Novice: 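One structure coming up, written as structure tokens, with questions to follow.
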There are 2 protein chains.
Amino acid sequence: MTLKWMHTSSCAVTRSLGVLGETWTILIIREALTGTTRFADFRDALGLAADVLSRRLNTLVDYGVMSKDAYQEPGSRTRFEYRLTDAGRELEIVVGALQQWGDKHLPYAAGPTIERRAGRTGRPVHVAFIDDLGYEVPHADVETIQTDVYPAE
Amino acid sequence: MTLKWMHTSSCAVTRSLGVLGETWTILIIREALTGTTRFADFRDALGLAADVLSRRLNTLVDYGVMSKDAYQEPGSRTRFEYRLTDAGRELEIVVGALQQWGDKHLPYAAGPTIERRAGRTGRPVHVAFIDDLGYEVPHADVETIQTDVYPAE
DNA sequence: CAGGCTGAGTTTGAAACTGAGACTTAGATC
DNA sequence: GATCTAAGTCTCAGTTTCAAACTCAGCCTG
């Protein structure tokens, strides 16, 4: 899966997963959010096969999540850097939600290895549901309403 | 991938994806959040192969995201229902974040097919970063700080 | 300028996973 | 006893991943 039909689904979750749902993709984005831009750095940090990394980066570029630009360091030939676009940077909330859930429900490591703070105030931030007035809504009080049937094909 | 090493990673995102990162899993959870509990209903709604659904549901039960309980309707034999645990229900924020991102960056369908509201006030809710005082922090102001190196294996 | 180094891939072949349909199982119903 | 249904399991062909080897282009060294 993770193919054609997902990109044209009427369900936004399905469309997102059509772009992000392949193995490694979200880890690549997590890595990019910490500043990684080069092919070899992604490969070394994640330990995935180069062919898979190549395909994933190209898919992300195709869907506007990352950009691929040539750059040249003095004394080196032209290379490429992969950077998150604005759309890609907005995935931080998805990565943050996954991290928060893992920290709470899959406890294992000594502690969190990624932290998030507001740049201006330096205060720690977390991911939450808020209503249109800006008040946090406890997840137990959030109701999901399906407004249309999702077609199987 | 999506195997052993992910479950023991020091990165919470990786551990989460070890449970949720296989194909179909998040769609199964989206479906469960709308109230689906039966094997055949998941299969019909998602259109996935029965063997994959069986494996995914069992994985989710194994990791405490869903429970599998016998129930009996009058005039029928015992069957099983799969329900989200508290941990599973907290994935609503992950699904919500994916939906929001898809709605914004992968526009396609006539409109959203899932909506979320606060049960008590009925107000529409969305997913956001908030700081420890409860104020929303715009995603552009959120900084990611990696506090430990993620080991490749 | 021959040879080596490095980043960024591509190629290759074995292993693992997925999809679709056939088959199984256990009660309920005819 | 034969049939129906939900919930799976089995089988096998096709796809995807993994790991290692290989390619390619420019830079650097002797």
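Note on naming: letters A, B, ... go to the chains in the order of the sequence lines (proteins, then strands), and numbering restarts at 1 for each one. Since we're looking at a predicted model, the values are computed, not measured.
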Novice: Under 3.5 Å, is there a donor on one side chain and an acceptor on the other for A:Arg56 and A:Thr23?
Specialist: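 Yes - a donor-acceptor pair under 3.5 Å links their side chains.
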
Novice: Over how many whole Å does the gap from B:Asp51 atom CG to D:dC10 atom P extend?
Specialist: 10 Å

Novice: I'd like to know if B:Arg38 and B:Glu81 make a salt bridge, using a cut-off of under 4.0 Å between side-chain N and carboxylate O.
Specialist: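 No.
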
Novice: May I ask you to say whether B:Glu90 pairs ionically with A:Lys104, meaning some side-chain N is under 4.0 Å from a carboxylate O?
Specialist: yes

Novice: Using OP1 and OP2 only, check whether a side-chain N or O of A:Tyr82 sits under 4.0 Å from C:dG7.
Specialist: no

Novice: Could you state the CZ-C1' distance from A:Arg43 to C:dT6, rounded to the nearest angstrom?
Specialist: 11 Å

Novice: Could you check how far CH2 of B:Trp5 sits from P of D:dA19, rounded to whole Å?
Specialist: 10 Å

Novice: Would you mind reading off the distance between A:Arg55 atom CZ and C:dT12 atom P, rounded to a whole angstrom?
Specialist: 14 Å

Novice: A cation-pi test, strictly: NZ or CZ of A:Lys68 under 6.0 Å from the centre of the six-membered ring of A:Phe80 and no more than 45 degrees from its axis. Yes or no?
Specialist: yes

Novice: To the nearest angstrom, how far is B:Phe80 atom CZ from D:dT5 atom C1'?
Specialist: 15 Å

Novice: May I ask you to say what A:Phe42 touches in the nucleic acid, namely base, sugar-phosphate or nothing, with a heavy-atom cut-off under 4.0 Å?
Specialist: nothing

Novice: Can you tell me how far P of C:dG19 sits from CG of B:Leu48, to the nearest Å?
Specialist: 7 Å

Novice: Under 4.0 Å from OP1 or OP2 of C:dC17: is there any side-chain N or O of B:Thr23 that close?
Specialist: no

Novice: Output the rounded distance in Å from CH2 (A:Trp24) to P (D:dT16).
Specialist: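 Interatomic distance, CH2 of A:Trp24 to P of D:dT16: 18 Å.
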
Novice: Could you check A:Ala49 against A:Arg79 and say which one's nearest nucleotide on DNA chain D is further toward the 5' end?
Specialist: A:Ala49

Novice: Atom CZ of A:Arg56 and atom P of D:dC18: how far apart are they, to the nearest Å?
Specialist: 8 Å

Novice: Side chain of B:Ser54: nearest nucleotide among D:dT17, C:dA8, D:dG8?
Specialist: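 The listed nucleotide nearest to B:Ser54's side chain is D:dG8.
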
Novice: If you find the nucleotide of DNA chain C closest to A:Asn58 and the one closest to B:Val52, which residue's nucleotide is nearer the 5' end?
Specialist: A:Asn58

Novice: Between A:Tyr63 and B:His105 (judged by ring centroids, cut-off 6.0 Å), do the two rings come close enough to count as a pair?
Specialist: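 Judged by ring-centre distance (under 6.0 Å), A:Tyr63 and B:His105 do not meet the cut-off.
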
Novice: How is A:Ala40 classified with respect to the nucleic acid when contacts are heavy atoms under 4.0 Å: base, sugar-phosphate, or nothing?
Specialist: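 The residue A:Ala40 makes sugar-phosphate contact but no base contact.
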
